[in-house]
Number of protein chains: 2
Amino acid sequence: MNKEEYRQRIIAAADRLYYTRGFSSVGMDQLRDAAGVSLRRLYQLFPSKGDVVMAVLRGRRRMWVEGLDQHVNAAGTPREKLLAVYGFLSDWFCEEDFRGCGFVNAFAELGAVNSDVADIAREHKVSFQRYLGELVERIGADSSLAAQLALLAEGAQTTAAITGQAETADRAREAAEVLIDAALERAGSDSRESVSPARATSDA
Amino acid sequence: MNKEEYRQRIIAAADRLYYTRGFSSVGMDQLRDAAGVSLRRLYQLFPSKGDVVMAVLRGRRRMWVEGLDQHVNAAGTPREKLLAVYGFLSDWFCEEDFRGCGFVNAFAELGAVNSDVADIAREHKVSFQRYLGELVERIGADSSLAAQLALLAEGAQTTAAITGQAETADRAREAAEVLIDAALERAGSDSRESVSPARATSDA
DNA sequence: AAGTCTAGAGAACGATCGTTCTCAACGCAA
DNA sequence: TTGCGTTGAGAACGATCGTTCTCTAGACTT
C-alpha cells in the first residue's frame, strides 16, 4: 500500500464522516479509526485537518463533475442533456445518506472562517453555472436560462436535504422543462417572426 | 432591565455572531462579551448553548415570516404577491452581512447531530412551501407551481450566499414569472378550452 | 549482526470549549 | 446595623480537540 492509496483511504473515510456528521463534529482520532491508519501517517500525508477538508472537497468536486458528465453524456438531444441534470440529482437524492450539497454545507459551517473553503464552494457553483451555460448555448436559448436552471438545481438540493423528499428532483425537472420551452419560444420568435410553442430543439 | 429584555439582548447578539461566523465558531465567552451580560445571567436564562441556538432560530423564523408578510401584503394582485417574495429576497441579499438562509446553515452545521435544529429547519421550509401554496391557490394555478417557486427561492438564497451576487434574486423572479404564466395558461386551458398566453390574473 | 530508518500505538500537550463555582459587592427587609 | 439573597467578574473544572512526542518493534542496509 503506497502513499497515494493511503491518501485515498483517508479521503474516502473523511468524506463519509464529514458529510454525514459535519466537519467540526468529526475529530482526527475518529478519522484515524475510520481510515484504519495511524495518527502519525495521517499527519504525514495531511499536515493539518484543514488539508484533509480541502482534499475531501476537491475529491467531491471531481466526483460531482464525473457523475454529472456521465448522466448528461448518456442523454441524446441537447434538451434531454439539460434535463439529465435533474436525473442526476434524482439518483443522488435517493442515496440513503444524502444530506445536501457538500459545498453548501462546507460553506455554511466553515466558509466564514476559512477562505479556502469559501473559494472552492464558489468555484464549484460558478463552474456548474458555466456547465449549464454551455448546454444552454447548444439548444440556442438565451444564457439567462442557464442561471434559471441552476437555481432550480440548487434549490432542489437544499430542499431535498432538509425535507428528505427525493421527488424534489422531479419537481425541479418539471419546472426546468417549462423554463426551457419558454426560452426556446423566445429564441424562436426573436430570430424569425413567430413560431409554434413546443418542439424547437436545435442541432446537435 | 428585566429578564425578557436580557433575553432579547442575548438572542440579538447570538444571532449576529452565529449567523456571520457559524455556530461552533462562537463560544459562550464571546457571546457574553457581545451581549454585555455576565456568564451567570446567560446560563440563568439559557441553561445550555443549545437553548441559545434554538432561541436564535425561533427568532429568525419570526423575522422571516414578518419580513415576508410585509413585502407580500404590500403587493396588489395575487400575481404581484407571488413575485413580491423575490423582492423580499432581493432586499435581504443586499444586506452587507448576508450569508444565506440561517436554517440551511444551521442544518448543514448541526442538523446531523441535533435533531431539534433539523426539525426547525424542516418546519421552516415546509411552512414556506405552504405559504406559497396559499398564494398560488389565490391565482388559481395548480399547487405544483408552489413547489417550483419554492425551489427558485431556495436556490436563490444559497447561490446569492456563495457567489455573493445579490442580482440572483432578480434571476429567480424572472424565472418565477415564466413559471407562473405557464401555470396560469395550463389552468386556463384546463377549465375552459384554450386561452391567450399572458394576462390571466384571477380575482382577489 | 549491528546499526539505521520507518512506522504504529497511543500518551502527552496546550488550547479551547461548555459549564460550574468562588468570592466579593450590592440591595434590601427587619 | 445585621443578615440574607442576588449578582457580576472571572477563576476553575472537566472534556475534547488538533497536534506533537515517546517508545517500541520491525524492516532494511552493509
Side-chain angles (χ1 to χ4, degrees), chain A residues 1-58 105-106 108-117, chain B residues 1-58 105-106 108-117:
Chain A
M1 199 174 230
N2 64 31
K3 286 203 176 191
E4 193 50 35
E5 288 170 326
Y6 275 117
R7 277 186 69 93
Q8 294 312 318
R9 268 176 70 114
I10 293 169
I11 291 175
D15 183 84
R16 187 160 22 88
L17 287 175
Y18 290 160
Y19 183 67
T20 55
R21 301 191 212 164
F23 295 94
S24 52
S25 293
V26 178
M28 297 298 268
D29 287 2
Q30 299 172 57
L31 175 54
R32 170 200 53 179
D33 294 343
V37 301
S38 69
L39 217 45
R40 183 193 192 92
R41 187 183 294 276
L42 208 172
Y43 273 93
Q44 174 186 320
L45 296 172
F46 300 95
S48 78
K49 181 176 179 177
D51 294 316
V52 182
V53 169
M54 288 305 294
V56 162
L57 290 178
R58 278 189 278 264
N105 294 350
E109 186 169 355
L110 305 172
V113 292
N114 184 329
S115 60
D116 289 336
V117 168
Chain B
M1 197 174 234
N2 63 30
K3 287 205 174 192
E4 192 50 35
E5 288 170 327
Y6 274 118
R7 278 186 69 93
Q8 292 313 316
R9 267 175 72 113
I10 293 169
I11 290 175
D15 184 83
R16 186 160 24 85
L17 287 174
Y18 290 161
Y19 183 66
T20 56
R21 301 190 211 166
F23 295 92
S24 51
S25 292
V26 178
M28 296 297 271
D29 286 3
Q30 298 173 57
L31 175 54
R32 170 201 54 179
D33 294 343
V37 303
S38 68
L39 216 44
R40 183 191 192 92
R41 187 182 294 276
L42 208 172
Y43 273 94
Q44 174 186 320
L45 296 173
F46 301 95
S48 79
K49 182 176 179 178
D51 294 316
V52 182
V53 170
M54 288 306 294
V56 163
L57 291 179
R58 279 188 277 264
N105 294 349
E109 186 168 353
L110 305 173
V113 292
N114 184 328
S115 61
D116 289 336
V117 168

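Every value quoted in this text rests on a predicted model; they were computed, and no experiment measured them. Residue numbering restarts at 1 for every chain, and letters A, B, ... go by the order of the sequence lines.
Along DNA chain C, the nucleotide nearest B:R40 and the nucleotide nearest B:Y43 are compared for position; the residue whose nucleotide lies closer to the 5' end is B:Y43. Nearest-nucleotide positions on DNA chain C place A:L39 closer to the 5' end than the other of B:G27 and A:L39.
Between the CG atom of B:L42 and the CE atom of B:M28 there is a distance of 4.5 Å, given to the nearest 0.5 Å. Atom CG of residue A:L57 and atom CZ of residue A:F23 lie 5.0 Å apart, to the nearest 0.5 angstrom. Between the CD1 atom in A:I10 and the CG atom in A:D15 there is a gap of 13.5 Å [rounded to 0.5 Å]. In this structure, the separation between NZ on A:K49 and OH on A:Y43 is 8.5 Å, given to the nearest 0.5 Å.
Taking atom CD of B:Q44 as the reference point, atom C1' of C:dG18 lies 18 Å away to the nearest angstrom. In this structure, CG of B:D29 is placed 16 Å from P of C:dA15, rounded to the nearest angstrom. Whole-Å rounding puts the A:N2 CG to C:dT6 P distance at 17 Å. Rounding to whole angstrom units, CD1 of residue B:I10 and P of D:dG8 are separated by 10 Å. When rounded to the nearest whole Å, the span between CZ of B:F23 and C1' of C:dG18 equals 17 Å. Regarding B:K49, its NZ atom lies at a distance of 17 Å from the C1' atom of C:dT20, rounded to whole Å. Atom C1' of nucleotide C:dA9 and atom CZ of A:R32 are separated by 8 Å, given to the nearest angstrom. Atom-to-atom, CG of B:D33 to P of D:dA9 comes out at 10 Å; the value is rounded to the nearest Å.
For the residue pair B:S24 / B:E109, a side-chain donor-acceptor distance below 3.5 Å is found, with atom types taken as modelled.
Backbone-only engagement by A:S48 is indicated by non-hydrogen atom pairs under 4.0 Å involving sugar-phosphate atoms exclusively. Here B:V52 lies out of heavy-atom contact (under 4.0 Å) with every strand.
Between B:R41 and D:dG8, a side-chain N or O to OP1/OP2 separation shorter than 4.0 Å is present.
Candidate nucleotides D:dT19, D:dG8, C:dT20 were compared by shortest atom distance to the side chain of A:M28, and D:dT19 ranks first.
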